[in-house]
2 protein chains.
Amino acid sequence: MTQRSIGKRGRPTPAERRARDARILDAAWELLLERGFAEVSLDAVAARAGVTKRTLYTAFGDKLALLHAVVRRQHSYAGAGDETGQADALPPADAAAPDPVETAVAIGGALLSDEAVALHRLMISEAGRSPELAAEFHEAGPLAAQQHLVTAGLTPDQAETAFTLLLGELHRRRLLGLDAAPSPSSIRTRAAHAVATALAAHPHP
Amino acid sequence: MTQRSIGKRGRPTPAERRARDARILDAAWELLLERGFAEVSLDAVAARAGVTKRTLYTAFGDKLALLHAVVRRQHSYAGAGDETGQADALPPADAAAPDPVETAVAIGGALLSDEAVALHRLMISEAGRSPELAAEFHEAGPLAAQQHLVTAGLTPDQAETAFTLLLGELHRRRLLGLDAAPSPSSIRTRAAHAVATALAAHPHP
DNA sequence: AATTATTGATACGGCCTAGTATCAATAACG
DNA sequence: CGTTATTGATACTAGGCCGTATCAATAATT
């Protein structure tokens with residue numbers, strides 16, 4: 001479509017610019033998740049995006065700014081629930097059937113996915129370098145998920161307990177690279193257990 | 001005691017070697033926790049330990065081996081409960097009063113401390129580079145903690161639930177650098193809540 | 001059609017770091 | 001006491017990477 005043939009120089013049209021920027025962010029996203037910030041060179045990002053480093057710098061600034069742009073795009077995907085195909089996207093908070101267990105199933109599938117865990121790991125690793133980015137991630141991810149559970153009818157305390165139990169030790173092990181992504185049926189079992197325990201643990205409003 | 005005056009050369013006595021190696025591990029431990037693996041140079045470790053890089057290499061090998069040595073020493077501290085003064089050390093599993101809540105209080109104080117959280121963050125960051133080290137950390141930390149709860153009278157399921165709730169979202173936020181270490185009273189409240197919920201959530205054996 | 005902005009290709013400067021080498025000094029060991 | 005291992009101090013090699021510069025090419029813009 002707006003795909004510019006490789007090796008082509010000259011001034012790009014605005015549509016081509018958007019497509020090129022998206023390619024850069026895609027390439028950076030992939031490399032960051034599989035190697036981490038320090039191990040990704042901008043040469044590698046530029047090569048995978050089919051772009052030279054100069055274009056990369058004029059479009060995003062420096063390496064840290066590129067990281068921020070990548071993560072913030074992911075945040076805008078989470079909660080959108082559109083056809084972006086992002087594995088860590090959360091369903092819209094105002095879904096038709098606000099059932100707590102179904103909401104928990106959706107959250108578990110999203111946040112326990114390979115991509116979401118890799119992003120979580122990246123944010124923990126870079127929290128020292130980018131504190132505000134870590135805060136944004138927390139709000140767009142774990143906090144938003146708990147808010148969805150509140151929308152589904154839980155109290156804030158119940159939502160926090162249910163969310164904690166939903167991820168549980170599995171999430172800790174996954175952050176350490178010790179476990180694979182759970183199956184959908186496993187996620188459903190976890191979600192049901194987490195919601196039931198949370199309801200029993202906190203008094204009704 | 002066996003402290004060699006700085007700038008002194010020549011063959012060291014075995015006691016001096018041990019003291020020197022401990023100084024190196026201390027220096028590496030401090031720098032790793034406050035800066036992370038990639039941001040710590042071996043020159044910085046050598047300088048803080050009062051040693052030259054050559055000594056560092058002949059004593060430990062390369063940079064990755066030094067990381068492993070540092071983390072493994074921390075593992076040997078955890079569970080020892082002696083006078084090492086390590087903040088993430090767990091009390092001995094066969095303590096006199098195996099009360100679940102008191103055990104949970106001890107675990108919470110240990111694993112929610114600044115040092116333990118920093119180590120946890122380091123292990124998550126380096127899990128890709130050192131999978132076996134991440135596995136060892138998990139066994140010596142979270143798994144050992146749950147085992148202590150089992151020793152204190154909980155079932156394995158109850159222990160996992162109690163441990164998960166004890167750390168909870170606070171631990172997630174601390175990994176992201178968003179929260180400070182909790183007060184002892186706060187830890188006690190968390191421990192009591194976590195154990196009570198875990199007991200209620202799982203059937204008695 | 002002329003101008004101007006932007007890119008590709010490439011190279012380079014500057015900086016940092018891992019790891020090694022050299023040499024003199026010095027103390028443990030036999 | 002002589003030998004030998006080990007260290008301090010320092011310099012060095014090799015490599016990687018960030019960020020910038022140069023120059024020709026090319027297409028959007030006017």
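Reckoned from all heavy atoms, side chains included, excluding hydrogens, waters and symmetry mates.
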TODO: Starting from P on C/dT7, measure out to CZ on A/Arg23 and report it in whole angstrom.
DONE: 11 Å
TODO: Would you kindly give the CG-to-P distance between A/Leu67 and D/dC18, to the nearest whole Å?
DONE: 13 Å
Task: Closest approach of A/Leu64 to A/Ser130 (non-hydrogen atoms, all atoms of both residues) - done: CD1-OG, 3.9 Å
Open item on the list: Which nucleotide wins on minimum distance to the side chain of B/Pro14, given the candidates C/dC29, C/dT6, C/dT7?
Closed with: C/dC29
Open item on the list: Just the rounded figure in Å: distance from C1' of D/dA28 to CZ of A/Arg18.
Closed with: 15 Å
Open item on the list: How long is the straight-line distance from CG of A/Leu32 back to CD of A/Glu126, given to the nearest 0.5 Å?
Closed with: 8.5 Å
TODO: Could you tell me the separation between the CZ atom of B/Arg17 and the P atom of D/dT6, rounded to a whole number of Å?
DONE: 6 Å
Task: Within residues 150-196 of chain A or reaching into it, pairs that qualify as ring pair (Phe, Tyr, Trp, His ring centres under 6.0 Å) - sequence neighbours excluded - done: A/His120-A/His171
Task: d(CD, A/Glu16; C1', C/dG8) in whole Å - done: 14 Å
Task: Nucleotide-resolved protein contact map, nucleotides 16-21 of chain C, B/S/- at heavy-atom distance under 4.0 Å - done: -SBBBB
TODO: Determine the sole option in B/Leu166, B/Leu167, B/Leu165, B/Val195 for which the side chain to side chain contact (heavy atoms under 4.5 Å, CB included) test with B/Arg190 is passed.
DONE: B/Leu166
Task: Options D/dA5, D/dA27, C/dT7, nucleotide nearest the side-chain atoms of A/Thr55 - done: C/dT7
Open item on the list: Just N and O in the side chain of B/Thr52: are any of them under 4.0 Å from OP1 or OP2 of D/dT10?
Closed with: no
Open item on the list: Whole angstroms only, please: what is the CZ-P distance between B/Arg11 and C/dA27?
Closed with: 13 Å
Open item on the list: Check the phosphate of D/dT6 against B/Thr58, side-chain N and O only, distance under 4.0 Å to OP1 or OP2. Yes or no?
Closed with: no
TODO: Enter the distance from B/Glu169:CD to B/Asp179:CG here, rounded to the nearest 0.5 Å.
DONE: 11.0 Å
- [ ] Output yes when at least one side-chain N/O atom of A/Arg20 is less than 4.0 Å from OP1 or OP2 of C/dT7, else no.
- [x] yes
Open item on the list: A quick test of your reading: do over 12 heavy atoms of other residues, nucleotides or ligands sit less than 6.0 Å from CZ of A/Arg188?
Closed with: no
Open item on the list: With rounding to the nearest 0.5 angstrom, report the CG to CG distance, A/Leu119 to A/Leu33.
Closed with: 6.5 Å
